[in-house]
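Heads up: numbering here begins at 1 and tracks the sequence. Computed from a predicted structure; not experimentally measured. Any value given below was found using the heavy atoms of this structure, including those in side chains, with hydrogens, waters and symmetry copies removed.
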Amino acid sequence: MVEEKSGKKQVMVAIDDSDCSKHALRWTLSYLKDSLADSDIILFTAQPQLDLSSVYASSYGAAPIELINSMQQNYKNAALNRIEEGTKICAESGVTPKKVMEFGNPKEAICDAVEKLGVDLLIVGSHGKGALERTFLGSVSNYCVNKAKCPVLVVRTKA
């Protein structure tokens, strides 16, 4: 079910821990400020699922629940810190963003959120991976360009 839009354009900036995603957010707020004046800015981050297999393996399958809970809380805090950092960057430009955090594969979570939130424009940074690295590891920006149900702006850092 798609949420009803407020009449304003919905512009989502996907952020992670990388400098390139912070650059994409700053670039958006600087270069598109006038164009986005009557838009809702959505800060989005996706936290991959926590892989606990090594914890279970190292404890012979009986990891203490306190350890698991602590690791999950730290993982969630990392995503909350990303959103907070992005919010501060927005505040420097006088923008108050909507904040959305999801758990799961970032590529899929971003594209799912685009559809769910009725996003009109998705903005992502580019890590500048080489062709070989993209082939084996994949590229979030490339995935979004091909799968997102809205236009995608990829912001590259200067070489």
Side-chain angles (χ1 to χ4, degrees), residues 1-51 71-159:
M1 175 186 259
V2 177
E3 294 179 8
E4 198 170 313
K5 290 187 174 184
S6 64
K8 289 184 169 186
K9 297 288 183 195
Q10 304 296 304
V11 177
M12 187 168 93
V13 182
I15 58 172
D16 59 17
D17 286 324
S18 69
D19 289 337
C20 68
S21 81
K22 293 176 190 101
H23 171 74
L25 178 58
R26 285 187 176 98
W27 186 92
T28 299
L29 295 169
S30 175
Y31 287 93
L32 300 180
K33 187 171 185 147
D34 294 336
S35 301
L36 301 176
D38 195 35
S39 300
D40 286 328
I41 305 296
I42 302 167
L43 267 186
F44 179 88
T45 193
Q47 188 73 347
Q49 292 297 327
L50 181 59
D51 181 9
M71 291 177 71
Q72 289 174 330
Q73 187 59 47
N74 287 339
Y75 211 60
K76 181 179 178 183
N77 287 344
L80 291 171
N81 288 340
R82 259 196 312 277
I83 289 286
E84 186 59 33
E85 188 173 355
T87 301
K88 287 178 184 174
I89 292 170
C90 288
E92 293 169 4
S93 296
V95 173
T96 304
K98 293 180 178 179
K99 302 170 220 174
V100 179
M101 178 179 71
E102 297 286 340
F103 289 91
N105 180 318
K107 298 179 209 184
E108 295 167 2
I110 291 167
C111 291
D112 289 347
V114 161
E115 210 165 336
K116 183 172 124 184
L117 300 172
V119 170
D120 298 296
L121 174 65
L122 170 63
I123 301 172
V124 294
S126 173
H127 288 277
K129 292 179 182 174
L132 186 61
E133 201 174 7
R134 273 195 317 271
T135 301
F136 288 106
L137 299 176
S139 162
V140 171
S141 58
N142 188 53
Y143 183 92
C144 291
V145 164
N146 290 295
K147 302 287 183 181
K149 304 281 191 220
C150 72
V152 179
L153 172 64
V154 179
V155 179
R156 294 182 53 132
T157 54
K158 292 182 181 176

Under 3.5 Å, sequence neighbours excluded: what are the donor-acceptor pairs made by side chains of residues 86-94?
unit_1: Thr87; atom_1: OG1; unit_2: Ile83; atom_2: O; d: 2.8

Can you name the closest pair of heavy atoms from [X] and [Y] and give their distance?
X: Lys8; Y: Asp40; result: CD-OD1, 3.3 Å
X: Lys107; Y: Ser139; result: NZ-N, 4.2 Å
X: Arg82; Y: Ala46; result: NH2-O, 3.8 Å
X: Ser126; Y: Arg156; result: CB-CG, 3.9 Å
X: Asp120; Y: Pro151; result: O-CD, 3.3 Å

Nearest 0.5 Å please: distance from the [atom1] atom of [X] over to the [atom2] atom of [Y].
X: Asn146; Y: Ser141; atom1: CG; atom2: OG; value: 10.0 Å
X: Glu85; Y: Asp17; atom1: CD; atom2: CG; value: 8.0 Å
X: Leu121; Y: Ser39; atom1: CG; atom2: OG; value: 8.5 Å
X: Ile15; Y: Cys20; atom1: CD1; atom2: SG; value: 11.5 Å
X: Phe44; Y: Lys99; atom1: CZ; atom2: NZ; value: 15.5 Å
X: Leu153; Y: Trp27; atom1: CG; atom2: CH2; value: 5.0 Å

Pick from Thr45, Ile123, Asp16: which one makes a side chain to side chain contact (heavy atoms under 4.5 Å, CB included) with Ser21?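 With Ser21 as partner, Thr45, Ile123, Asp16 yield a single side chain to side chain contact (heavy atoms under 4.5 Å, CB included), made by Asp16.
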Considering the options Leu32, Leu36, Ile42, which one meets the side chain to side chain contact (heavy atoms under 4.5 Å, CB included) requirement together with Val11?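 Answer after filtering Leu32, Leu36, Ile42: Leu36.
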Can you check whether [X] reaches [Y] side chain to side chain, under 4.5 Å on heavy atoms?
X: Asp19; Y: Thr157; result: no
X: Met12; Y: Ile110; result: yes
X: Val145; Y: Val124; result: no

Are more than 12 heavy atoms from other residues, nucleotides or ligands located less than 6.0 Å from atom CG of Asn74?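 Yes, the 6.0 Å shell around CG holds more than 12 heavy atoms from other groups.
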Around atom NZ of Lys22, are there more than 12 heavy atoms of other residues, nucleotides or ligands at under 6.0 Å?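 Yes, NZ of Lys22 has more than 12 neighbouring heavy atoms, counting only those of other groups under 6.0 Å.
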